[in-house]
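Notes follow the structure.
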Amino acid sequence: MSEAGTTTDVDTGDEAESDRQSFVGTGLERVEDHRILTGEAEYIHDVAPENALHMALVRSVHPHARIVDVDTSAAEDHPDCALVLTGEDVQADYQPMPCGLEGFEEWSLAVEKVRYVGEPVVAVFAPDRYAAEDLVDLVDVEYEQLDPVVDAMAAREDETVVHEDVGTNVPDGETLEFGDVEEAFEAADNVIEREYSWGRISGVPLETAGVVAEYDTDRDAFDIDCNIQLHTLVDDTVYEALGYPPEKVNLEVPADVGGSFGTKIAIHRYCALASMASQQLDGRPVTFVEDRVENLQGGDMHSSDREYRVRLAYDDDGTIRGLDTWFVDDFGAFPRYPVNQALKPLSVVNNAYDIENVRYDYELVMTNKTSQTAYRGFGVPAHIHAVEMVVDEAAAELGVSREDFRRLNLIQPDQLPYRLPTHNVYDSGDFPAALDRIEEIVDERERCEGGLLDPEVVAAKREEGKYRGVSHTVHIEPGVSGSDWTDRQRTDRETLADRDREDVAELPEHFRIALDEDGTVQASLATDTSGQGHQTLVTQLLADGLEVLPSDVEVGYLDSVTAPTEYGTAASRMAVMLSGATEGAAERLRENCRRLAAEAAFDCAVEDVVYRDGGVEHRETGDRLDFAALADLDADRDERLTRVSYDYDHPATQVEDFDEALTSKYPVYPTAAFAANAPIVEVDVHTGEVEVLKFYTLRDCGTMLNPTIVEGQAHGGLAQGVGAALMEEFQYDDEGQPQAITMFDYLLPSTKNMPDVEMEHTETPSPFTETGAKGTGEGGMIDGPAAVASSINDALAEFDFVTDQIPMTPHRVRQRLRDADGGD
């Protein structure tokens with residue numbers, strides 16, 4: 001394994017190799033950026049076939065109502081109308097969309113009943129979007145309004161049931177215990193119990209959902225260009241809705257997607273509806289792009305909405321003995337990926353603390369809100385916030401500093417790899433050293449004359465009613481989710497008891513390389529992208545693995561029919577899986593080139609051929625074939641040796657320590673990236689406004705394949721974390737009406753309120769992965785909110801203030817300060 005940014009050796013068949021400078025580990029500029037910055041990038045919005053029809057949707061204005069009548073006659077009579085689809089039309093010719101729990105049936109258009117504001121009821125199609133929107137106004141839908149249920153805690157009483165055929169608003173839940181929880185709480189010197197809330201937030205990507213669908217009448221198949229995330233994994237949500245086999249429904253995602261963060265996993269409704277319309281119109285292409293109101297109101301892109309009750313057992317010396325978490329998660333009208341989202345926090349259930357006894361209890365609840373989907377961290381940020389807040393409160397109860405309380409309970413480096421009580425394993429790291437270092441940085445730079453935490457400055461600011469504070473926290477980012485546990489969630493425990501290690505079926509990362517006739521290396525990814533820089537990573541890795549220049553490598557993407565089913569871009573996965581697949585494919589191609597030259601050119605043993613600098617040489621004669629010559633040599637052969645594919649297995653499948661988790665209900669995330677954070681905040685007690693003055697962070701994602709990409713991911717994640725902590729929320733009123741349907745209502749961080757980020761890195765390579773890399777795609781959003789919340793607690797410590805709700809908006813700060821002051 002080579003260290004980042006240093007020289008590297010590859011297996012070339014030559015015993016005496018010369019070192020080459022490695023591209024991996026350097027901040028190579030992203031190859032994607034040139035086309036993006038020059039306007040050459042093509043997004044799904046730029047795909048515009050001639051004669052394409054545009055779709056617009058009639059959406060429900062009620063959160064809960066029966067559909068009494070749908071009158072589309074006026075729209076159908078309009079000369080611009082090409083087609084109208086209702087729920088009854090869809091039900092007659094197609095299938096319901098897959099749901100995340102058994103017993104639920106959801107159609108692409110509402111049938112008989114609407115269950116949230118924004119739910120699509122009718123689809124209309126016209127030559128342009130303006131005409132289609134006019135047709136929407138001509139459709140008359142008669143409703144019988146029903147009482148909505150909006151509050152998740154109240155929904156548990158089942159007085160108003162969202163799905164009568166399911167019979168309850170709590171379709172799933174479970175209590176999981178690890179260790180002797182009761183004994184731990186009974187024996188502990190202290191037990192603290194608190195409640196916390198996590199509001200609905202989301203990624204709100206710059207590019208909304210989009211699709212262009214075309215039905216091929218000759219092939220009886222669909223070609224769908226779209227910006228869906230995980231196109232080879234979730235394509236079943238489209239082909240099952242259409243009632244077709246997967247090979248007949250081809251999803252293709254462009255190389256450039258304007259963000260997703262998980263939210264575009266659930267855009268299958270649009271793909272299905274556009275495809276249905278194209279089929280009904282004998283193959284005429286159909287396009288749809290979500291507008292911003294649709295995206296915010298009813299785009300199926302909200303995320304975790306939780307109420308927590310947390311208990312912590314600890315001794316007088318500060319040692320934590322047990323953790324007990326219970327939460328209610330409001331999934332809205334339909335379950336998308338509920339069990340996955342509810343159980344992912346098990347992979348970091350005790351965060352960076354050494355806690356042996358854990359209870360994890362949850363309830364999934366249906367309400368009359370838009371459905372949840374994935375968002376960066378997939379349920380983990382809310383859990384980390386709840387754990388860190390109860391740790392803050394326990395430290396305050398003991399009268400010790402937060403840092404000392406944390407330091408006492410952190411997992412020590414000699415305990416790594418560390419097995420959690422929930423059977424996941426943290427691979428590597430030094431959490432106490434990270435905490436010490438972040439404290440040292442803040443003390444040196446800010447607790448000095450003129451610093452943000454200069455005691456004189458802090459005192460002067462307090463005279464103005466502005467309180468400054470900082471807290472030092474450590475957070476784990478679980479990386480590289482496996483696919484098998486998704487199926488295990490839905491399996492009876494009795495059945496799981498009979499499983500063994502051979503029954504685990506993980507999806508590997510598929511990757512292809514081919515040498516072009518001009519000598520360039522053509523690489524093909526089976527996963528899609530959302531802007532993470534996959535093409536750059538592959539370029540660096542292949543440049544090193546094949547000893548060529550980055551300019552000699554071109555990287556593209558496979559569609560859902562060509563590519564095998566794989567997990568794809570999610571769960572801080574691709575740095576590990578893609579680098580493993582790329583290195584494996586490069587090694588295979590090097591060996592194939594040696595074999596090809598030996599068999600078809602040099603007429604010698606493979607051992608007599610040396611791979612060097614993007615070509616092969618005869619060890620004795622020095623004769624050389626470059627990539628172009630090898631491609632030409634291979635062109636007419638039945639077995640094409642210059643075209644290789646490689647499947648990189650999930651790293652946990654090779655590690656015995658994961659066996660118990662892999663054969664039970666528990667999630668497996670074999671890498672533990674981590675961050676030590678210290679955001680410095682200032683709270684105006686008169687207005688309740690919170691400003692993050694500077695965000696100090698120390699981050700470790702194992703081997704950094706490209707430091708520039710790592711830093712970009714971290715900055716973006718922290719921006720989302722600050723937004724989540726202080727301003728972003730999809731609120732609903734008591735009648736079920738969404739209150740954030742424009743950017744005036746759903747507030748995002750900007751240059752105005754995003755602080756300077758001072759970032760350092762350490763590297764503790766993972767022993768489980770091919771390159772030592774760990775996942776880093778969800779950091780910042782996982783750790784940012786809890787870090788900001790803890791610093792607010794420090795700033796307002798004299799008021800016994802706790803950031804018990806996310807986001808902690810100004811009016812909530814003021815309300816809690818008034819409560820602490822007796823209502824004054």
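What you are looking at is a predicted structure, and each value in this text was computed from that prediction instead of being measured. Because only heavy atoms are used, hydrogens play no part in the values below, and waters and symmetry mates are left out as well, while side chains stay in.
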- Item | Note: R59-E294 ion pair, threshold 4.0 Å (strictly below) | yes

- Any donor-acceptor pair under 3.5 Å linking the side chain of R573 with the backbone of S481? yes

- Query: Take atom CZ in R129; do more than 12 heavy atoms of anything else shown fall under 6.0 Å from it?
  - Reply: yes

- Query: Does any donor atom in the side chain of Y215 or D223 lie under 3.5 Å from an acceptor atom in the other side chain?
  - Reply: no

- Backbone N/O of T208 and side chain of N227: donor-acceptor pair under 3.5 Å: yes

- Query: Does some side-chain heavy atom of V204 sit less than 4.5 Å from a side-chain heavy atom of L748?
  - Reply: yes

- Message: With side-chain hydrogen bond (donor to acceptor under 3.5 Å, both in side chains) as the criterion, how do Q341 and S304 come out once you've worked through the C-alpha distance, each side chain's angles and the decisive distance to 0.1 Å?
- Response: CA-CA 8 Å; Q341 190 146 327; S304 299; 3.0 Å; yes

- Query: When you check the side-chain N and O atoms of S73 and E76, is any donor under 3.5 Å from an acceptor?
  - Reply: no

- Query: Considering only heavy atoms from C-beta outward, does the side chain of S560 approach that of E252 to under 4.5 Å?
  - Reply: no

- Residues R306 and A342: closest non-hydrogen pair is NH2-CA, 3.8 Å

- Message: For F125 and V286: C-alpha separation, side-chain torsions, deciding distance, then whether side chain to side chain contact (heavy atoms under 4.5 Å, CB included) applies.
- Response: CA-CA 8 Å; F125 303 86; V286 174; 3.7 Å; yes

- Query: Quick one: do the D220 and Y244 side chains pair a donor with an acceptor below 3.5 Å?
  - Reply: yes

- Task: Determine whether D69 and V141 make a side-chain contact, defined as any pair of heavy atoms from C-beta on separated by less than 4.5 Å.
- Result: no

- Message: Can you tell me how far apart OG (S275) and CG (L242) are? Round to the nearest 0.5 Å.
- Response: 5.0 Å

- From OH (Y567) to CE (M574), nearest 0.5 Å: 11.5 Å

- Query: When you look at CD of E42, are more than 12 heavy atoms from neighbouring residues, nucleotides or ligands closer to it than 6.0 Å?
  - Reply: no

- So, H163 versus F104, ring centres under 6.0 angstrom or not? yes

- Message: With a 3.5 Å distance limit and no angle check, can you tell me whether D528 reaches the backbone of H231 through a side-chain donor-acceptor pair?
- Response: yes

- Query: Is a donor on one side and an acceptor on the other found under 3.5 Å between the side chain of Q532 and the backbone of S530?
  - Reply: yes

- Item | Non-hydrogen atoms of P254 and V257 that approach each other most closely | O-CG2, 3.8 Å

- Indicate yes or no: does R376 engage E477 in a salt bridge with an N to O separation below 4.0 Å. no

- How many angstroms lie between atom CG of D329 and atom CG of L364, to the nearest 0.5 angstrom? 6.5 Å

- Query: Say you draw a straight line from CD of E778 to OH of Y375; how long is it, rounded to the nearest 0.5 Å?
  - Reply: 10.5 Å

- Query: If you round to the nearest 0.5 Å, how far is CD of E247 from OH of Y239?
  - Reply: 9.0 Å

- Task: Please name the pair of heavy atoms, one in Y43 and one in D256, separated by the smallest distance, quoted to 0.1 Å.
- Result: CD2-O, 3.3 Å

- Query: Under 4.5 Å between any side-chain heavy atoms of V212 and C226, yes or no?
  - Reply: no

- Task: Would you check if F378 and P345 make a side-chain contact, meaning some heavy-atom pair closer than 4.5 Å?
- Result: no

- Decide, yes or no, whether a salt bridge links D330 with K369 under the criterion of side-chain N to carboxylate O below 4.0 Å. yes

- Item | Carboxylate-amine/guanidinium proximity below 4.0 Å for R284 and E214 | no

- What's the verdict on side-chain hydrogen bond (donor to acceptor under 3.5 Å, both in side chains) for E32 and T536, showing C-alpha distance, side-chain angles and the deciding distance? CA-CA 7 Å; E32 297 90 343; T536 302; 2.5 Å; yes

- Query: In Å, rounded to the nearest 0.5 Å, how long is the span from CD1 of I67 to CG of L109?
  - Reply: 9.0 Å

- Message: On a heavy-atom basis, which atom in V122 and which in V84 lie closest, and how many Å separate them?
- Response: CG1-CG1, 3.7 Å

- Could you tell me whether the side chain of L101 reaches within less than 4.5 Å of the side chain of P338, counting heavy atoms only? yes

- Note on the structure: Scanning both residues in full, the closest heavy-atom pair of E207 with G258 reads OE1-N, 2.8 Å

- Working for side chain to side chain contact (heavy atoms under 4.5 Å, CB included), residues Y94 and Q279: CA-CA 11 Å; Y94 299 99; Q279 185 177 44; 2.6 Å; yes

- If only atom types and distance count, is the side chain of S347 paired as donor or acceptor with the main-chain N or O of K344 below 3.5 Å? yes

- Message: If you define the side chain from C-beta out and look only at heavy atoms, does anything of M55 sit under 4.5 Å from T287?
- Response: no

- Task: Scan side-chain atoms only and decide if T370 and Q297 contain a donor-acceptor pair under the 3.5 Å cut-off.
- Result: no

- Query: Is the side chain of H78 donor-acceptor paired with the backbone N or O of D80 at a distance under 3.5 Å, no angle test?
  - Reply: yes

- Message: Salt bridge or not between R200 and E728? Use side-chain N to carboxylate O under 4.0 Å.
- Response: no

- Task: Show the numbers, then the answer: is there a side-chain hydrogen bond (donor to acceptor under 3.5 Å, both in side chains) between S260 and Q229?
- Result: CA-CA 7 Å; S260 174; Q229 187 174 342; 2.4 Å; yes

- Message: Between D647 and H510, do the side chains contain a donor N or O and an acceptor N or O under 3.5 Å apart?
- Response: yes

- Query: With side chains defined as the heavy atoms from C-beta onward, is the minimum distance between M301 and E290 less than 4.5 Å?
  - Reply: no

- Passes side chain to side chain contact (heavy atoms under 4.5 Å, CB included), V139 versus V124? Steps please. CA-CA 9 Å; V139 176; V124 296; 4.2 Å; yes

- What pair of heavy atoms forms the shortest contact from T232 to A526, and how long is it? CG2-O, 3.4 Å

- Message: Please evaluate residues F288 and Y270 with respect to the criterion ring pair (Phe, Tyr, Trp, His ring centres under 6.0 Å), reporting the C-alpha separation (whole Å), side-chain torsions for both, the decisive distance (0.1 Å), and the verdict.
- Response: CA-CA 7 Å; F288 174 76; Y270 303 140; 4.7 Å; yes

- Can you list the steps and then say if F511 with Y648 is a ring pair (Phe, Tyr, Trp, His ring centres under 6.0 Å)? CA-CA 8 Å; F511 185 73; Y648 175 68; over 10 Å; no

- Task: Check step by step if side chain to side chain contact (heavy atoms under 4.5 Å, CB included) holds for V238 and I224.
- Result: CA-CA 10 Å; V238 181; I224 304 170; 3.8 Å; yes

- Query: Under the 3.5 angstrom rule, does the side chain of H62 hit a backbone N or O of L146 as a donor-acceptor pair?
  - Reply: no

- Query: Is there a salt bridge (charged side-chain N to carboxylate O under 4.0 Å, His left out) between R66 and E164 once you walk through the steps?
  - Reply: CA-CA 12 Å; R66 299 196 189 282; E164 292 94 336; 3.2 Å; yes

- Message: Donor-acceptor pair, distance only, cut-off 3.5 Å: does the side chain of T562 make one with the backbone of L558?
- Response: no

- Expected output: side-chain D71 to main-chain D140 donor-acceptor under 3.5 Å: no

- Item | Any donor-acceptor pair under 3.5 Å from T168 side chain to V170 backbone | yes

